[in-house]
Every structure is written in C-alpha cells, then in structure tokens.
Amino acid sequence: MKKLIAGNWKMNGSLESNAALVQALLSHSADWKCDVALCVPAPYLSQLQNLSKASPLMFGAQDVSMHEAGAFTGEISAGMLKDFECRYVIVGHSERRQFHLESDALVANKAQKALASGITPIVCVGETLQEREAGLTEEVVKRQLAAVIHLNGHCISEIVLAYEPVWAIGTGKTATPEQAQHVHAVLRAQLHAASAHADRVHIVYGGSMNAANASQLLAQPDIDGGLVGGASLKAADFLSIIAAAH
Ligand code: 13P
C-alpha cells in the first residue's frame, strides 16, 4: 500500500510561515511517492485549502467535537471541518488525552463523527513510559483501539491508526523499529479480528520520527507511514521523511 506521511503541526504556525513551509514542500511534490498530509490548527484550514489546491497535498485538523452542533463553546464540528474540505482529523492524540482528559469512549465518539462526515480520523493510541515499564503496552493500546472498534466496527477499515508511544513524543527518544513493528503487528491482528479489510488500514508510527530514523521505521512490514510532529515544521526534514517513504 502507498505509505502516508502526515505532519502534525500541533499549536505552531502563522499565516506567513505556513505559506513559506507549504510552498517549500510543494516545490518537491513531483517527487512524492507517498501520500502527504498536514494536520494544522483550525484557523489555518482555509489557508491550507487555498495553498493545496491542484496539488497532491492533503490536509486535516487536529481535533473534532463529539457533538454535531449546539451550545458547545469553542468546539468545532466534523461538518465544519468538511466545509473546509478536510481529508483527515487527528483524534485521541496523547496530548489531548493527557491535557484535556479525553477518555477512550470520547475518542471513539470523535472518530464516529469524523467518519459520518466523510473525514478520515487518524486515531492515536500509545502507552506512557510508566505503562511500558510495567509491561502494559499491549493491554493499553488494545484497550484504546477496542473502544474505537466497539463504536465504529462496521467501518473500522476507514480509519488511519497511529501508534504513538507517549514516551517518544517530542523527546528525541524514538521507538526502535522492532519495538514499533511489534506493537503495529498487535494492532493489525486486532483490526483483522474486527474487519475483513484490515490489510488496507494504514497503521502509521509517530514519536520523534526524523530524517535519520524514518527509513528504518518505514521498512517494517506493518509500518505504513508516519505521523510527524517537530520534523514536519521544517521543510527539509519533512521532505527527507517523505523521500524515505516509497
Ligand atoms: P514529535 O514528532 O515531535 O515527537 O511528535 C509526534 C507527534 O505527536 C505527532 O502527532
């Protein structure tokens, strides 16, 4: 399957710096052998809609409400994201689970709302360092995915799944290709048990992916791409990761 390299800008960017970054990326888009997407802060969706027109670049948001409309100040619905032609939305990123106390059930609801609007949710799962050291890695990621399967079983093959070990995010500590592959295989097996189409689900890795380690990670049989934070903010670094995905 064609790999997917998605950037997660998190809360970074400005109109000016976004334009420069996207233009630098697009000047190499003829060489891309993989799918490329950028998940940007919501106020910049319209800018990305314009910048990516008639290009292979896809874009998405970083969160979506579990509600469709109504008195939910500050929330953004899947329908609104669709208005801006979002292709993807990240749900259940560990930063939202940690700082906004998002539960497995809430994340599953958000994935459901995205799917209902025709937006592909990039569902993030991953264990903390404490959980890994306690030998709970498989249990944690399986529990997180099970909630999403429970609510979205019939269309689970429409999601993108991101394995992001929390201890590897923004720390410079990457999971080894073997550690990541092991968890990806566990997740693949869980998807297989839920769907006849599990083979077509992209399971991407995130956590300090960079130009130096991307090739080895992406060479693993169950690593179908990357969800890239810090390195997606620098054109040269992100382009190197894209080049490693073929
Ligand atoms: P870093 O690549 O900065 O570690 O972030 C990974 C991430 O959280 C992507 O969603």
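The figures here come from the full heavy-atom set of this structure, side chains too, leaving out hydrogens, waters and symmetry mates. Positions are given from 1 along the sequence. Note that the structure is predicted; figures quoted are calculated from it, not measured. Ligands are counted one by one from 1 in listed order, and the atoms in each one are counted from 1 as well.
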Residues forming a side chain to side chain donor-acceptor pair (under 3.5 Å) with Q23, sequence neighbours excluded: none
Shortest protein heavy-atom distance from atom 2 (O) of ligand 1, along with the residue and atom involved: G229 N, 2.9 Å
Tell me, which protein residue and heavy-atom name are nearest atom 3 (O) of ligand 1, and how many Å apart are they? G230 N, 2.8 Å
With heavy atoms only and a cut-off of under 4.0 Å, state how N8 meets ligand 1: side chain, backbone, both or neither. side chain
Are any of the N/O atoms on T171, whether in the backbone or the side chain, positioned under 3.5 angstrom from an N/O atom of ligand 1? no
Should we say atom CD of Q216 is surrounded by more than 12 heavy atoms from elsewhere, each under 6.0 Å from it? no
Which residues pass the salt bridge (Lys or Arg N to Asp or Glu O under 4.0 Å) test with D63, sequence neighbours left out? R96, K110
Does any N/O atom on L227 come nearer than 3.5 Å to any N/O atom on ligand 1? no
E139, CD atom: more than 12 neighbouring heavy atoms under 6.0 Å: no
Looking at E158 and R200, does any basic side-chain N land under 4.0 Å from a carboxylate oxygen? yes
If we only consider heavy atoms of G207, is any one of them less than 4.0 Å away from an atom in ligand 1? yes
May I ask whether G172 has any heavy atom positioned less than 4.0 angstrom from an atom of ligand 1? no
How about E75: does its CD atom have over 12 heavy atoms from other parts shown lying under 6.0 Å from it? yes
Heavy-atom contacts with S208 under 4.0 Å: which atoms of ligand 1 show up? List them by number with element. 1 (P), 2 (O), 4 (O)
May I ask you to check whether V228 has an N/O atom sitting below 3.5 Å from an N/O atom of ligand 1? no
Per-atom contacts of ligand 1 with A168, taking only distances under 4.0 Å to non-hydrogen atoms: 4 (O)
Without swapping roles, check the side chain of R87 against the backbone of A37 for a donor-acceptor pair under 3.5 Å. no
Atoms in ligand 1 with a heavy atom of H93 nearer than 4.0 Å: 7 (C), 8 (O), 9 (C), 10 (O)
Would D224 and R188 pass as an ion pair if we require N to O under 4.0 Å? yes
Over all heavy atoms of both residues, which pair between L233 and L21 is shortest? Give the atoms and the distance, please. O-CD2, 3.8 Å
Considering only protein heavy atoms, which is closest to atom 9 (C) of ligand 1, and at what distance to one decimal place? E164 OE2, 2.9 Å
Hey, which atoms in ligand 1 end up nearer than 4.0 Å to a heavy atom of K10? 5 (O), 6 (C), 7 (C), 8 (O)
